[in-house]
Trainee: 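Just dropping this structure here.
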Amino acid sequence: MRKTELDRFRILISDERARVERALAKHTQIIHHEGEDFGGEGAKAHSNHMADQGSDEFQYETTIHFASTEGRYLYQLDQSMQRIEDGTYGKCQNCNTAIGLERLKAKLDARLCIECKEKEERDQY
Ligand SMILES: [Zn+2]
């Protein structure tokens, strides 16, 4: 990949990283807040708003899920940034061919070319 292209991806990734980090911080706050309300294990039983508990719990679960998905994405973005520094960004980690700018733009943290990605997904099932 040319240096000008690498520079452009470096900017795109750091913007995306900042966006995800903000979203993650917001949701992590909600988790901490919910955690205090429940007071840890066993405290749920003493909750004085049992009627609302179902929806609270649902929100709590989705928040955790979101945080972990975003958390993993953040990690992947960090890895991508590392690969830009290493000069390996944009190459398939499996077959070493160029991933392609269009695919990278659509998925900044892509590690595999489309063929290898499809193969990996097929192997999972
Ligand atoms: Zn490949």
Side-chain angles (χ1 to χ4, degrees):
M1 196 183 285
R2 283 197 300 273
K3 194 186 175 300
T4 49
E5 283 162 353
L6 277 177
D7 284 344
R8 211 166 62 208
F9 278 106
R10 189 184 277 121
I11 292 165
L12 285 174
I13 291 172
S14 75
D15 283 356
E16 180 74 346
R17 205 188 172 286
R19 189 189 67 77
V20 176
E21 212 163 37
R22 275 197 305 275
L24 195 61
K26 208 172 104 196
H27 285 264
T28 307
Q29 251 169 27
I30 294 172
I31 290 172
H32 287 321
H33 176 69
E34 296 278 338
E36 279 162 24
D37 275 358
F38 288 133
E41 215 167 324
K44 275 182 200 176
H46 304 295
S47 172
N48 55 14
H49 52 274
M50 294 294 275
D52 298 333
Q53 200 164 308
S55 60
D56 278 359
E57 196 145 313
F58 177 71
Q59 212 222 323
Y60 186 52
E61 295 292 324
T62 30
T63 303
I64 286 182
H65 177 74
F66 179 83
S68 66
T69 307
E70 296 291 283
R72 276 198 299 275
Y73 184 39
L74 202 62
Y75 173 77
Q76 293 301 334
L77 288 173
D78 279 345
Q79 296 289 303
S80 304
M81 202 57 124
Q82 189 60 52
R83 290 200 296 279
I84 284 187
E85 305 308 326
D86 293 348
T88 56
Y89 183 73
K91 277 189 199 129
C92 175
Q93 288 191 329
N94 188 47
C95 68
N96 216 31
T97 55
I99 290 173
L101 294 181
E102 287 311 308
R103 174 161 159 73
L104 283 170
K105 268 182 226 160
K107 192 170 170 18
L108 291 171
D109 61 331
R111 291 175 299 112
L112 300 171
C113 70
I114 195 78
E115 284 89 29
C116 291
K117 181 68 192 165
E118 278 169 4
K119 188 175 179 301
E120 187 188 73
E121 275 166 12
R122 267 202 310 276
D123 290 349
Q124 272 171 8
Y125 297 109

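All values derive from a computational prediction rather than experimental measurement.
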Trainee: Between Lys107 and Asp109, is there a salt bridge with N-O shorter than 4.0 Å?
Mentor: yes
Trainee: Between atom CZ of Arg103 and atom CD1 of Ile114, what is the distance when rounded to the nearest 0.5 Å?
Mentor: 4.0 Å
Trainee: Report the distance from atom CD of Glu85 to atom CG of Leu6, rounding to the nearest 0.5 Å.
Mentor: 9.0 Å
Trainee: Would you kindly confirm whether Met1 and Leu112 end up in one hydrophobic cluster when ILVMFWY residues are joined by side chain heavy atoms under 4.5 Å apart?
Mentor: no
Trainee: Could Arg19 and Asp15 be called an ion pair, given the rule that one side-chain N must be under 4.0 Å from one carboxylate O?
Mentor: no
Trainee: Is any side-chain heavy atom of Glu70 closer than 4.5 Å to a side-chain heavy atom of Lys26?
Mentor: no
Trainee: In terms of side-chain geometry, is the basic nitrogen of Asp86 or Arg83 positioned less than 4.0 Å from the acidic oxygen of its partner?
Mentor: no
Trainee: Salt bridge check, Glu115 against Lys119: does any charged N sit closer than 4.0 Å to a carboxylate O?
Mentor: no
Trainee: Find out if a path of hydrophobic residues (ILVMFWY) with successive side-chain heavy-atom gaps under 4.5 Å connects Tyr89 to Leu101.
Mentor: yes
Trainee: To the nearest 0.5 Å, what is the distance between OG on Ser14 and CZ on Phe9?
Mentor: 13.0 Å
Trainee: Minimum heavy-atom separation for Ile99 and Cys113, please, with both atom names.
Mentor: CG1-N, 3.9 Å
Trainee: About how many Å separate CG of Leu74 and CD of Gln79, when rounded to the nearest 0.5 Å?
Mentor: 11.0 Å
Trainee: In Å, rounded to the nearest 0.5 Å, how long is the span from CG of Asn94 to NZ of Lys117?
Mentor: 11.5 Å
Trainee: Does Glu5 come within less than 4.0 Å of Arg8, counting only side-chain N to carboxylate O?
Mentor: no
